[in-house]
Amino acid sequence: MRFALPCLLLLLAAGCARPAIDASRHAKSQDSRVQFLILHFTGEPWDRSMKILTEDNVSAHYLVRDSPVEVYRLVDEDRRAWHAGASSWKGQTQLNAASIGIEIQNLGDVAGPDGKVVYHAYPPEQIDAVVALVKQIVARHGIRPDRVLGHSDIAPMRKVDPGPTFPWKRLADEGLITWPDPAKVAARKPAFEAAPPDAAWFQERLARHGFEIPATGRFDAVTTRILGNFQMKYRPAVYDGRPDAETAAILDVLTAP
Ligand SMILES: [Zn+2]
C-alpha cells in the first residue's frame, strides 16, 4: 500500500502530459455538417411508426405525430439517423451523413374502395408543427431552400414520400423551399404545348434539377417514375408521369440559369 500512492501520482502526471487544447480562436471557413433536410411519411399508424423508428434498423431525428400533434426527437441532431438509405441529389450521395430527417406520421398510400391508390391527407395542425420544426432546423444549420427535400427527390425509384398530399407550396410560401414563379410557368407553357420537348430534354433538366437519372433519350420507366415524383411535389393535381407542357414549363423555370 505504501507504493500505491506514488504510482497513482505518476499516472495522473502522465495524463496531464496530453496536449492542452486552446479553443479561444475560430476559423472563418466552416459550416454545419447538416446540409440537407429530408421529409418523409411513415406509411404506418402511430404505434407502429414509433416502434419501427425506435427499435428497428431505421430512424429519423424527428417524428411528428398526427393526432394529437406531438413532436419527438429520437436522434440528436449531431448524430446520424438512418432515414435516407441509398440516395442522391445533385451528385451528392449517402445523404444520411449530411442531413436531418423528419418522419411525419401518415398512412401514406393505401388502396381505395375501387382498388385505386389514394394518399392520406395531413391534418393542418400537423403541418403547422412540421413547418415550425423545419424553420428551426433550417435556421440552426443554415440549410439552403434547394436542399429541403422529400425522400421522393433523393430516392425516387424506391420512395414517393411525403407524397402528393404533402403541401410543399406551404413550405414555399414560408420561404423554406425553392418554388417556380407561377407567372413564369404560365408564360412558358404555350411554347412547350406547340413544341413538346423530347425525352433527352426532360432527362437533362431533371438531372440539372437534382435527380439521379440516366440519359437514355427515351421515355423509359425510370423517367416516367421520376416525372411522377416531380409532379407530386410541384403539380400534385396530376402525377401520372407523362411529360406534359405544364410539367416542362415548371421544370424549365426551376432549372433556368
Ligand atoms: Zn422516407
Side-chain angles (χ1 to χ4, degrees), residues 34-66 69-77 79-90 92-111 117-123 126-127 129-131 133-134 137-138 141 143 145-168 170-171 176-177 206 209-213 222 225-234 236 239 241:
V34 176
Q35 303 282 310
F36 294 87
L37 179 54
I38 309 299
L39 301 177
H40 306 258
F41 63 49
T42 61
E44 299 283 351
W46 172 245
D47 288 351
R48 269 198 60 74
S49 296
M50 180 59 98
K51 186 170 170 59
I52 290 167
L53 288 168
T54 52
E55 295 178 23
D56 283 0
N57 290 329
V58 291
S59 59
H61 294 87
Y62 295 94
L63 171 59
V64 182
R65 187 176 187 174
D66 64 349
V69 177
E70 294 169 339
V71 180
Y72 291 82
R73 184 169 62 231
L74 305 177
V75 178
D76 286 341
E77 288 188 8
R79 309 246 323 147
R80 184 168 59 164
W82 301 354
H83 61 98
S87 50
S88 171
W89 193 251
K90 289 195 175 166
Q92 241 173 291
T93 57
Q94 303 298 330
L95 293 172
N96 277 340
S99 66
I100 296 285
I102 299 176
E103 284 278 2
I104 308 165
Q105 189 231 325
N106 176 288
L107 289 176
D109 46 320
V110 290
V117 169
V118 290
Y119 285 82
H120 269 255
Y122 292 88
Q126 188 187 29
I127 294 300
V130 170
V131 167
L133 182 61
V134 168
I137 296 167
V138 160
H141 298 282
I143 301 172
D146 61 326
R147 290 179 173 174
V148 177
L149 300 165
H151 209 184
S152 52
D153 291 316
I154 63 168
M157 298 313 291
R158 297 187 299 116
K159 299 291 177 179
V160 293
D161 57 311
T165 54
F166 184 77
W168 287 104
R170 169 85 194 279
L171 270 70
L176 297 169
I177 63 164
L206 287 166
H209 181 57
F211 288 105
E212 184 179 83
I213 179 168
V222 173
R225 168 88 185 194
I226 291 178
L227 273 172
N229 278 19
F230 178 84
Q231 290 163 339
M232 279 186 191
K233 185 174 187 177
Y234 295 105
Y239 48 89

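Just follow the structure's listing: the first ligand is 1, and inside any ligand the first atom is 1. Here the structure is a predicted model, which means the values were calculated and not measured.
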The Zn ion (ligand 1) reached by Glu103 (N, O or S, under 2.8 Å):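 Under 2.8 Å: Glu103 has no N, O or S contact with the Zn ion (ligand 1).
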
Which of the N/O/S atoms in [X] sits closest to the Zn ion (ligand 1)?
X: His151; value: ND1
X: Asp161; value: OD2
X: His40; value: ND1

According to the interplanar angle, ranging from 0 to 90°, do the rings of Tyr119 and Phe41 count as parallel (below 30°), tilted (30 to 60°) or perpendicular (above 60°)?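 Taking Phe41 first and then Tyr119, their aromatic rings sit tilted (interplane angle of 30° to 60°).
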
Between Tyr72 and Trp46, what is the ring plane arrangement, given parallel below 30°, perpendicular above 60°, and tilted in between?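 Tyr72 and Trp46: tilted rings.
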
Exam field: side chain Arg158 to backbone Ala86, donor-acceptor pair closer than 3.5 Å: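 Yes, the answer is positive, given that a donor and an acceptor are paired below the 3.5 Å cut-off.
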
Would the distance check show the side chain of His61 and the main-chain N or O of Gly101 forming a donor-acceptor pair, the cut-off being under 3.5 Å?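 Pair found, side chain donor or acceptor close to backbone of Gly101.
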
